[in-house]
Chemist: 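Have a look at this one before I ask anything.
Order of the sequence lines fixes the chain letters, A, B, ..., with proteins taken first and strands second; residue numbering starts at 1 for each chain. Atoms considered below: every heavy atom in the structure, side chains included; atoms not considered: hydrogens, waters and symmetry mates.
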Amino acid sequence: MNFKNKVHGIVERIPKGKVSTYGQVARLAGNPKAARAVGAVMKNNPDSKRIPCHRVVSSKGEMTGYTAEGGVKTKKEKLLLEGVVFNGDIVELSRSQISG
DNA sequence: CAATTGACGTAGT
DNA sequence: CACTACGCCAATT
């Protein structure tokens, strides 16, 4: 099982209306320090229909990257539609992060 | 194969 | 809280 393959399964597990962090995914993937690598895997994003990469944010709840359509702008909109709680331009991890 | 890059995270000031 | 510095991993060139 490759790292990216693990990440795929984990990101798929992210429920609607909730978000996870790169560090969280990296940790579940088995590499607590591979947060950065998670971003690389997201960028690869082989199945955008199956992998809700937009539900992954930074440890502070700030949205970064999202090379897909619209960029971070659409990313915020999507999370907002899903019911994710926002605090200005930052996600309330205390209320929307998994296991929180 | 070696060097560089990048959707990150933590610690110190 | 804002900024700087360092470490880490995987993908790309």
Chemist: Which part of the nucleic acid does Ser58(A) contact within heavy-atom distance under 4.0 Å: base, sugar-phosphate only, or nothing?
Modeler: sugar-phosphate
Chemist: Taking distance alone, no hydrogens or angles, what donor-acceptor pairs closer than 3.5 Å link side-chain atoms of residues 75-100 of chain A to residues at least two apart or in another chain?
Modeler:
| residue | atom | partner | partner atom | Å |
| --- | --- | --- | --- | --- |
| Lys75(A) | NZ | Val56(A) | O | 2.6 |
| Lys76(A) | NZ | Asp89(A) | OD1 | 3.1 |
| Glu82(A) | OE1 | Arg55(A) | NE | 3.0 |
| Glu82(A) | OE1 | Arg55(A) | NH2 | 2.8 |
| Glu82(A) | OE2 | Arg55(A) | NH2 | 3.1 |
| Asn87(A) | ND2 | Glu92(A) | OE2 | 3.4 |
| Ser96(A) | OG | Val85(A) | N | 2.9 |

Chemist: Check every strand shown and say whether Ala35(A) touches a base, only sugar-phosphate, or nothing at a heavy-atom separation below 4.0 Å.
Modeler: sugar-phosphate
Chemist: Any chain of hydrophobic side-chain contacts (each under 4.5 Å) joining Met42(A) to Tyr66(A)?
Modeler: no
Chemist: Nearest 0.5 angstrom please: His8(A) NE2 to Ile51(A) CD1, how far?
Modeler: 4.0 Å
Chemist: Backbone N or O of Glu69(A) within a donor-acceptor pair of the Thr74(A) side chain at under 3.5 Å?
Modeler: yes
Chemist: Name each donor-acceptor pair under 3.5 Å that joins a side chain in residues 12-34 of chain A to protein atoms two or more places apart or in another chain, with its distance.
Modeler:
| residue | atom | partner | partner atom | Å |
| --- | --- | --- | --- | --- |
| Glu12(A) | OE1 | Arg50(A) | NE | 3.3 |
| Glu12(A) | OE2 | Arg50(A) | NE | 3.2 |
| Thr21(A) | OG1 | Gln24(A) | N | 3.0 |

Chemist: At the 4.0 Å heavy-atom cut-off to chain A, mark where contacts on DNA chain B begin and end, going 5' to 3'.
Modeler: dG6(B) to dT10(B)
Chemist: Can you tell me if the side-chain N/O atoms of Asn31(A) get under 4.0 Å from OP1 or OP2 in dA10(C)?
Modeler: yes
Chemist: For the pair made of CD in Gln24(A) and C1' in dC9(C), what is the distance, rounded to whole Å?
Modeler: 17 Å
Chemist: Could you check how far NZ of Lys4(A) sits from C1' of dA10(C), rounded to whole Å?
Modeler: 11 Å
Chemist: For the residue pair Ala37(A) and Phe3(A), what are the closest heavy atoms and their distance?
Modeler: CB-CE2, 3.8 Å
Chemist: Need to verify one output field. Residue with the more 5' nearest nucleotide on DNA chain C, Ala40(A) or Lys33(A)?
Modeler: Lys33(A)
Chemist: Tell me what Phe3(A) touches on the nucleic acid: a base, only sugar-phosphate, or nothing, going by heavy atoms under 4.0 Å.
Modeler: sugar-phosphate
